[in-house]
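Given the structure is predicted, the values throughout are model-derived calculations rather than measurements.
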Amino acid sequence: MNPYAAVILLALLGRWALHVAADALNARALSGELPSALRCVYDAERYRRSQEYTRARLRFGIVPETASLVGLLAFWLAGGFARLDDAVRALGLGAVPSGLLYLGTLGLAATVARLPFRWWSTFVIEERFGFNRTTPRTFWTDLVKGLALGAVLGGALLTAVLWLFDALGPSAWLWCWAASALFVVLVQFVAPTWILPLFNRFTPLADDGLRAAILDYARRVGFPLEDVFLVDGSRRSTKANAFFTGFGRRKRVGLFDTLVETLGADEVLGVVAHEVGHYRRGHVLRGLALGIAQLGLFLFLLSRLLARPRLFAAFGVAAPSVHAGLVFFALLAAPLDFALGLAMHALSRRQEFQADAFARATTGSGAPLAAALKRLSADSLANPTPHPLYVALHYSHPPLLARLRALDAA
């Protein structure tokens, strides 16, 4: 058997089996006894529903993952990659247009294949547990906007990568890395003004006590804010959230309307202080730097594998190309990407503890943030007792009880 094909097949099956095992362990880890630290926000009925919601999400989660694996293997074994490559090449469009058509076709097909599962998740599971507020019109509008945005931004970056590799050969990875890094940084700057408003309405928070408290806190800790905005998150879900975007003096805080409606002013301030902690502890810039470094690593490895005919032969493609190489390399590099993802999740969980500590130190108490975390967890029917393997695979934030213990420990 082709060694590249063997590695990819084992990686695909291994990852699927690991996720199935983690789901099973997470379901078994559900505890019938409510943790004492949460009895103030979970009553018996809410705790029962949180376990029911967790089971429903776990049962459903394995379906799209299995369907994706089966669909990929079926397409591969049926010679789909090679047939699509032959059809695109027959058009005689040139290297860059052919590459965009090839990658765009695969991307669109994958999006269409996932649509039934996205619909079921939103309009069946989330609806069943009272979270969904997305209308069918919003669902389809979001889809069209996302596809258009991906075509414009992703198409521009792919055009540069395809052209550079076609024109410069193996050394092109350095230029691609520079172009990709510039792209990532630019997106961070334009997202608050041009991208996020495409999906949500940002309204300046009313000039009341909460806005004044947030701006006063930001000044006190030396964190310049452009403004505080209310985000219409309730258009899609009852779940609450808060986030920061932007760099320099263009930083802004976005508070979901569901968050402001749910929490008290001191609890909202605790959440904001946590987000400020990510910036003040350098987590945002560090994450950006690590992401750019990972891009460089993968582009370097890609440049070394584009000249390996056996990689293309594993998929029945006779003539190597940059566009097909990008797809096949992504599959081959999946184990490395998976390992780096685990490391990044672990780093993220550590940084969440650090941001919690910053919030506690700068607001004078961890109690408001702890109260906010409890309330948000209960309202979203979060599982307070996840299995460690499931946490390692899926959690970018530490489990709730671990965060509460850390906040109480100071």
Nearest heavy atoms of G155 and L100, plus distance in Å: O-CD2, 3.9 Å
Pairwise side-chain contact, V228 with V272, heavy-atom cut-off 4.5 Å (strictly under): no
Exercise: identify the closest heavy-atom pair between S31 and Y47: O-OH, 2.6 Å
Q51 (side chain) donor-acceptor with R48 (main chain) under 3.5 angstrom: no
Note, F315 side chain near L331 side chain (heavy atom, < 4.5 Å): yes
Heavy-atom closest pair, residues A371 and E267: CB-OE2, 3.4 Å
Heavy atoms of other groups near R220 CZ, more than 12 under 6.0 Å: yes
Sequence-distant partners of N241, side-chain hydrogen bond (donor to acceptor under 3.5 Å, both in side chains), two or more places apart: none
Value rounded to 0.5 Å, distance of OH in Y102 from CG in L326: 10.5 Å
Which residues share a salt bridge (charged side-chain N to carboxylate O under 4.0 Å, His left out) with R57, sequence neighbours left out: E126
V276 side chain near T362 side chain, heavy-atom distance below 4.5 Å: no
Shortest non-hydrogen separation from R349 to P398 and the atoms involved: O-CG, 3.4 Å
N/O donor-acceptor pair under 3.5 Å between S348 side chain and M344 backbone: no
Main-chain N/O of G341 paired to H345 side chain as donor or acceptor, under 3.5 Å: yes
Gap between atom CG of L295 and atom CG of L290 - 0.5 Å precision: 11.5 Å
R118 NZ/CZ over F139 ring centroid, <6.0 Å and within 45° of normal: yes
Heavy-atom side-chain contact between I62 and L58 under 4.5 Å: no
Which residues share a side-chain hydrogen bond (donor to acceptor under 3.5 Å, both in side chains) with S377, sequence neighbours left out: Y42
P399 side chain reached by Y390 side chain, heavy atoms, under 4.5 Å: no
Pair listing, salt bridge (charged side-chain N to carboxylate O under 4.0 Å, His left out) test, anchored in residues 372-398, at least two apart: R46-D379, R375-D379
Donor-acceptor contact below 3.5 Å, side chain T138 vs main chain T134: no
Salt bridge (charged side-chain N to carboxylate O under 4.0 Å, His left out) against R235, all qualifying residues, sequence neighbours excluded: D232
With Q188 via side chain to side chain contact (heavy atoms under 4.5 Å, CB included) - residues at least two apart: F247, L288
Short side-chain to backbone donor-acceptor contact, S180 and W177, under 3.5 Å: no
Enclosure of R350 CZ (heavy-atom neighbours >12, cutoff 6.0 Å): no
Salt bridge flag under 4.0 Å for residues R55 and E52: no
ring-ring contact (aromatic ring centres under 6.0 Å, His included) partners of F165, counting only residues at least two apart: none
Donor-acceptor contact present, side-chain R286 to main-chain R281, <3.5 Å: yes
Validation row, ring centre F328 to ring centre F81 under 6.0 Å: yes
Any donor-acceptor N/O pair, D266 side chain to P368 backbone, under 3.5 Å: no
Pairwise side-chain contact, F244 with L225, heavy-atom cut-off 4.5 Å (strictly under): yes
Donor-acceptor contact present, side-chain N26 to main-chain H387, <3.5 Å: yes
Residues, nucleotides or ligands: over 12 heavy atoms within 6.0 Å of E33 CD: no
Passing option when F243 is tested against L255, L196, V253 for side chain to side chain contact (heavy atoms under 4.5 Å, CB included): L196
Which residues share a side-chain hydrogen bond (donor to acceptor under 3.5 Å, both in side chains) with H397, sequence neighbours left out: E352
Exceeds 12 heavy-atom contacts within 6.0 angstrom, atom CH2 of W119: yes
Side-chain heavy atoms of I214 within contact of L269, under 4.5 Å: yes
Sub-6.0 Å ring centroid separation between Y279 and F358: no
Spacing of CG belonging to D356 relative to CG belonging to L407, to within rounding of 0.5 Å: 5.0 Å
Flag for Q354-H283: side-chain donor and acceptor within less than 3.5 Å: yes
Results of salt bridge (charged side-chain N to carboxylate O under 4.0 Å, His left out) for R114 - residues two or more places apart only: none
With a 3.5 Å cut-off and sequence neighbours excluded, list the donor-acceptor pairs that the side chains of residues 140-151 form with protein atoms.
unit_1: T141; atom_1: OG1; unit_2: R137; atom_2: O; d: 2.7
unit_1: D142; atom_1: OD1; unit_2: R236; atom_2: NH2; d: 2.9
unit_1: D142; atom_1: OD2; unit_2: R236; atom_2: NE; d: 2.7
unit_1: D142; atom_1: OD2; unit_2: R236; atom_2: NH2; d: 3.3
unit_1: K145; atom_1: NZ; unit_2: L198; atom_2: O; d: 2.5

Residues forming a ring-ring contact (aromatic ring centres under 6.0 Å, His included) with F300, sequence neighbours excluded: W173
CG on L311 to CD1 on I8, rounded to 0.5 Å: 6.0 Å
Minimum heavy-atom distance L299-C176, with the two atoms named: CD1-C, 3.8 Å
Donor-acceptor contact present, side-chain W76 to main-chain A314, <3.5 Å: yes
Crowding at CZ, R304 (>12 non-hydrogen neighbours, <6.0 Å): yes
Separation between CD1 of I292 and CG of L297, rounded to the nearest 0.5 Å: 14.0 Å
Parallel, tilted or perpendicular: ring planes of F131 versus Y53, cut at 30 and 60 degrees: perpendicular
L342 vs L393 side-chain heavy atoms within contact, under 4.5 Å: yes
Euclidean distance, L103 CG relative to L162 CG, rounded to 0.5 Å: 6.0 Å
Backbone of F117 reached by a side-chain donor or acceptor of S121 within 3.5 Å: no
Closest heavy-atom pair and its distance - G270, L369: O-CD1, 3.7 Å
Sequence neighbours excluded - side chain to side chain donor-acceptor pair (under 3.5 Å) pairs with any residue from residues 322-337: D85-H323, Q294-D337, S321-H323
Donor on one side chain, acceptor on other, N132 and T122, under 3.5 Å: no
